[in-house]
Number of protein chains: 2
Amino acid sequence: MPGTSLDFSARLRAAGLRPTRQRVALARLLFAGGHRHVTAEALHAEVKASRMPVSLATVYNSLNQFRDAGLLCEVVVAPGRSYFDTNIGHHHHFFIEPDGELHDFPSDKVTIAGLPAPPKGTRLARVDVIVRVRR
Amino acid sequence: MPGTSLDFSARLRAAGLRPTRQRVALARLLFAGGHRHVTAEALHAEVKASRMPVSLATVYNSLNQFRDAGLLCEVVVAPGRSYFDTNIGHHHHFFIEPDGELHDFPSDKVTIAGLPAPPKGTRLARVDVIVRVRR
DNA sequence: CAAGGAGTTTAGAATTATTCTAAACACTGC
DNA sequence: GCAGTGTTTAGAATAATTCTAAACTCCTTG
């Protein structure tokens with residue numbers, strides 16, 4: 001029976017996070033369906049409508065913890081506008097400027113050549129590509 | 001005599017902006033030397049130390065106007081952290097994660113192949129590449 | 001399976017970054 | 001110079017996020 005709390009509990013535990021009721025509720029919203037892009041506010045609104053409401057502070061805490069644990073990644077597209085993306089595979093983003101919509105596209109067809117070496121004493125963490133488009 | 005207010009006045013006027021004392025002071029700080037990456041707060045601190053202090057609101061206004069006029073570009077690296085970059089040529093960025101330093105690198109050696117076409121009804125505005133590195 | 005401690009959650013305050021407001025001011029064309 | 005529109009300003013307002021400290025809950029141990 002997929003989609004039960006047990007799945008999410010196990011997944012949280014595997015990530016080193018205690019499976020509290022709140023975190024399980026958020027994980028279900030985030031990971032039950034396909035990939036999602038959510039803001040903290042939007043997720044808070046969603047969970048508030050559920051049987052297990054969660055405070056905004058906890059939504060922020062959990063999203064940050066999920067990100068640090070590698071369950072999510074964060075995409076900052078504009079000052080004061082950041083999305084959490086449940087797709088953690090290699091991929092990049094389209095950002096549709098007037099409305100602020102964000103769409104994934106897979107990175108397997110994309111090749112980036114000629115990047116300079118990281119500055120001395122640093123190692124590569126991630127390459128973000130944001131393709132900004134307008135109507 | 002390069003670097004006089006007149007140069008900056010002309011440049012602002014050419015961009016469709018009235019060359020007020022405040023905007024000229026900011027333009028001098030931004031464009032007199034080589035390329036720079038500044039936050040609004042940092043630029044405000046700089047200009048406050050000068051003979052022609054400028055309010056923080058004006059620093060924000062001016063940076064936004066300069067960006068809209070194409071004199072600057074804005075790079076958002078983390079929630080609540082955005083830099084204004086006086087380099088408006090094609091280029092990309094290194095972001096050094098723990099300290100928040102930002103460095104340019106030219107895009108002439110970099111090629112990005114295989115990007116999907118923009119979604120229907122949109123056209124490409126800009127491609128941002130941020131290479132995130134850690135110590 | 002009860003108890004206790006560490007880790008979590010919460011409401012609300014605090015912080016940070018940025019924008020707004022309305023009154024005072026200054027650049028430009030006449 | 002004068003007027004009129006655009007600009008600047010201090011301070012308040014807004015928005016996104018984090019902090020605080022008290023209450024709570026998960027998990028381990030006995």
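Here the structure is a predicted model, which is why all the values come from computation and not from measurement. Convention: sequence-line order gives letters A, B, ...; per-chain numbering from 1.
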Contact check, side chains of [X] and [Y], non-hydrogen atoms, under 4.5 Å:
X	Y	result
Leu43(B)	Tyr60(B)	no
Val110(B)	Phe105(B)	yes
Val131(A)	Leu124(B)	yes

Pairs satisfying side chain to side chain donor-acceptor pair (under 3.5 Å), at least one member in residues 38-54 of chain B, at least two apart: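 Only Arg36(B)-Glu46(B) qualify under side chain to side chain donor-acceptor pair (under 3.5 Å).
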Side chain to side chain donor-acceptor pair (under 3.5 Å) contacts touching residues 108-121 of chain B (sequence neighbours left out):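 Passing the test, one end in residues 108-121 of chain B: no pairs.
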Do you reckon [X] sits in the same ILVMFWY cluster as [Y], going by side-chain contacts under 4.5 Å, direct or chained?
X	Y	result
Leu71(B)	Phe8(B)	yes
Leu63(B)	Leu12(B)	yes
Leu30(A)	Val24(A)	yes

His103(B), NE2 atom: more than 12 neighbouring heavy atoms under 6.0 Å: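 Yes, NE2 of His103(B) has more than 12 neighbouring heavy atoms, counting only those of other groups under 6.0 Å.
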Heavy atoms from other residues, nucleotides or ligands near CZ of Arg126(A) exceed 12 (cutoff 6.0 Å): yes
Spacing between Glu74(A) atom CD and dA16(D) atom P, to the nearest angstrom: 14 Å
Residue list, salt bridge (Lys or Arg N to Asp or Glu O under 4.0 Å) with Arg123(B), at least two apart or on another chain: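 By the salt bridge (Lys or Arg N to Asp or Glu O under 4.0 Å) rule, Arg123(B) matches no residue at all.
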Pairwise 5' ranking along DNA chain D for Arg23(B) and Glu41(A), keeping only the more 5' one: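 Looking at DNA chain D, the more 5' nearest nucleotide goes with Arg23(B).
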ring-ring contact (aromatic ring centres under 6.0 Å, His included) partners of residues 12-42 of chain A, not counting sequence neighbours, each pair once: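 Sorted result for residues 12-42 of chain A: His37(A)-His93(A).
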Span of DNA chain C in contact with chain B (heavy atoms, under 4.0 Å): dA17(C) to dT28(C)
Stretch residues 55-67 of chain A: residues that reach within less than 4.0 Å of DNA chain D through a heavy atom: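 When residues 55-67 of chain A is checked for heavy atoms under 4.0 Å from DNA chain D, the hits, listed by number, are Leu56(A), Ala57(A), Tyr60(A), Asn64(A).
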Close residues, residues 75-83 of chain A, relative to DNA chain D [heavy-atom separation under 4.0 Å]: Gly80(A), Ser82(A)
Measure across [X] and [Y] and return the closest heavy-atom pair with its distance rounded to 0.1 Å.
X	Y	answer
Leu56(A)	Ala40(A)	CD1-O, 4.4 Å
Ala69(B)	Leu17(B)	CB-CD1, 4.3 Å
Val76(A)	Ile130(A)	O-CD1, 3.7 Å

Qualifying residues under ring pair (Phe, Tyr, Trp, His ring centres under 6.0 Å), relative to Tyr83(B), sequence neighbours excluded: none
Contacting residues from residues 45-53 of chain A, given that a heavy atom lies under 4.0 angstrom of DNA chain C: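 Those residues whose heavy atoms fall under 4.0 Å from DNA chain C, taken from residues 45-53 of chain A in numerical order, are Pro53(A).
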Which pairs, protein N/O on one side and nucleotides 24-28 of chain D N/O on the other, fall under 3.5 Å?
unit_1: dT25(D); atom_1: OP1; unit_2: Arg21(A); atom_2: NH2; d: 3.1
unit_1: dC26(D); atom_1: O2; unit_2: Arg18(A); atom_2: NH1; d: 3.4
unit_1: dC27(D); atom_1: OP1; unit_2: Arg13(A); atom_2: NH1; d: 2.9

Bend angle of the helix from dC1(C)-dG30(D) to dC30(C)-dG1(D), from helix axes over five pairs at each end, nearest 10°: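 Here the helix ends are tilted 30° relative to one another.
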Salt bridge (charged side-chain N to carboxylate O under 4.0 Å, His left out): pairs with one or both residues in residues 59-68 of chain A, sequence neighbours excluded: Arg67(A)-Glu74(A)
